Amino acid sequence: MLQQFKAHAYQKTLTAQHNFEQTVPGPQQSSAVLALKDEYLFDFLELSVPHSEYELEQALLGNVRRFLSEMGGDFTFVGNQYRLELAGQEYFLDLLLFHRELQCLVAVELKIDEFRPEYAGKMNFYLSLLNQTVRKAHEQPSIGIIICQSKNRTVVEFALRDVNKPIGVATYTYTDTLPNELWPFFPSNEELVRRLDAVTAALQAQAGAKPVIPAKE
């Protein structure tokens, strides 16, 4: 079982999509490649279907230790909705991490839909801002990870082809057993809680009812 788990994790690393070969210096390139997965399993989350980006972010923050474990052992948490400023305008990163081995900031953007080419352009912009205003002199250039619910691999390949900052694009799932197309047939967390509360109330009412003693003849 352990060997299968390791093989599965290794496969996710091998199939990860990024432009690190063109954008990460040689000495750090192999470590950068190993730091990215093609798909992240957030099976510790309790999310309804559908859910918002805010709900996804808050759920990850509520399980930040397990989130960092799934991302990889060398990631540390810096902040969420991390504020950047340029020319009087504010911009906010969903999550900002730091990779200890790579010695660089890692910007993470969460998307609940399919990857779009404009996401790469936005991340490229964020990385420029991070490098200019946040990165310390001894740190390596920042890396970006866009985590979407789904992606077209060809679209990702073309979107990253001419981007000059290191960006990886991954997907996420929060179950490894139930296909996505079956989720609509299952109750949401809120509905499940409502049903359990109703069953609990019915059982308590039944337990509190006085037993009926038959009349003596």
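As the structure is a prediction and not an experimental result, all values here were calculated from the model. The residues of the chain are indexed from 1 along the displayed sequence.
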Under a 3.5 Å distance rule, please check whether N131 uses its side chain to pair with a backbone N or O of L127 as donor and acceptor.
yes

Within the 4.5 Å heavy-atom criterion, are M71 and I147 side-chain neighbours or not?
yes

Can you name the nearest heavy-atom pair linking E70 to K37, along with the distance?
O-NZ, 2.8 Å

For F158, check side chain to side chain contact (heavy atoms under 4.5 Å, CB included) against everything at least two apart and list the hits.
T154, R161

Going hydrophobic residue to hydrophobic residue with side-chain gaps under 4.5 angstrom, can you get from L68 over to L56?
yes

Neighbour count >12 (heavy atoms, 6.0 Å) for atom CZ, R100:
no

Given F125 and Y91, is the ring-ring contact (aromatic ring centres under 6.0 Å, His included) satisfied, shown in steps?
CA-CA 10 Å; F125 171 74; Y91 304 91; 5.0 Å; yes

Just verifying a value: how many Å separate Q28 CD and T23 OG1, rounded to the nearest 0.5 Å?
11.5 Å

N63 versus L45: any side-chain heavy-atom pair under 4.5 Å?
yes

So for atom CZ, which belongs to F92, do other residues, nucleotides or ligands contribute more than 12 heavy atoms lying within a distance under 6.0 Å?
yes

When rounded to the nearest 0.5 angstrom, what distance separates OH in Y126 from CG in L96?
12.0 Å

Can you list, pair by pair, the side-chain donor-acceptor contacts under 3.5 Å of residues 78-88, counting residues two or more places apart and other chains?
unit_1	atom_1	unit_2	atom_2	d
N80	ND2	E57	OE2	2.9
Q81	NE2	E57	OE1	2.8
Q81	NE2	D94	OD1	3.3
R83	NE	E90	OE2	2.7
R83	NH2	E85	OE1	2.8
R83	NH2	E90	OE2	3.4

If you measure from CD on Q29 to CD on Q22, what distance do you get to the nearest 0.5 Å?
8.0 Å

Mark yes or no for whether T76, through its side chain, and F98, through its backbone, hold a donor-acceptor pair below 3.5 Å.
yes

With Q140 as partner, the option from P166, S31, P27, C104 fulfilling side chain to side chain contact (heavy atoms under 4.5 Å, CB included) is C104

Can you hop from I167 to L93 via hydrophobic side chains spaced under 4.5 Å?
yes

Could you tell me whether the side chain of I145 reaches within less than 4.5 Å of the side chain of L97, counting heavy atoms only?
no

Given side chains that start at C-beta, do those of M123 and K165 come closer than 4.5 Å, heavy atoms only?
no

Nearest heavy atoms of P117 and A159, plus distance in Å:
CA-CB, 4.0 Å

Tell me whether V24 is reachable from V156 by hopping between hydrophobic residues (I, L, V, M, F, W, Y) whose side-chain heavy atoms are closer than 4.5 Å.
no

Main-chain N/O of H99 paired to D74 side chain as donor or acceptor, under 3.5 Å:
no

Using 0.5 Å steps for rounding, measure from the CD1 atom of I146 to the OG1 atom of T171.
13.0 Å

Please give me the minimum heavy-atom distance between L160 and A120, naming the atom from each residue.
CD2-CB, 4.1 Å

Kindly indicate whether the side chain of L34, heavy atoms from C-beta on, has any atom under 4.5 Å from the side chain of E101.
no

Between Y172 and Q149, do the side chains contain a donor N or O and an acceptor N or O under 3.5 Å apart?
yes

One pair to check against side chain to side chain contact (heavy atoms under 4.5 Å, CB included): V134 and E139. What are the steps and the verdict?
CA-CA 10 Å; V134 181; E139 295 174 352; over 6 Å; no

Do F44 and F67 have side chains that approach each other closer than 4.5 Å (heavy atoms only, starting at C-beta)?
yes

Rounded to the nearest 0.5 Å, what separation is found between the CZ atom of F20 and the CG atom of L36?
5.0 Å

Do L110 and I112 touch side chain to side chain, with heavy atoms closer than 4.5 Å?
no

Shared hydrophobic cluster, L61 / F42 (ILVMFWY, side-chain heavy atoms < 4.5 Å)
yes

Look up atom CG in L60 and atom CD in Q58, then write down how far apart they are to the nearest 0.5 Å.
9.5 Å

So if you build clusters from Ile, Leu, Val, Met, Phe, Trp, Tyr with side-chain heavy-atom gaps below 4.5 Å, do L105 and V169 land together?
yes

Does any pair with a residue in residues 107-117 pass side-chain hydrogen bond (donor to acceptor under 3.5 Å, both in side chains), and if so which ones, sequence neighbours excluded?
D113-R116, D113-Y119

Using atom types as modelled and distance alone, determine if a side-chain donor or acceptor of Q17 lies under 3.5 Å from a backbone N or O of R153.
yes

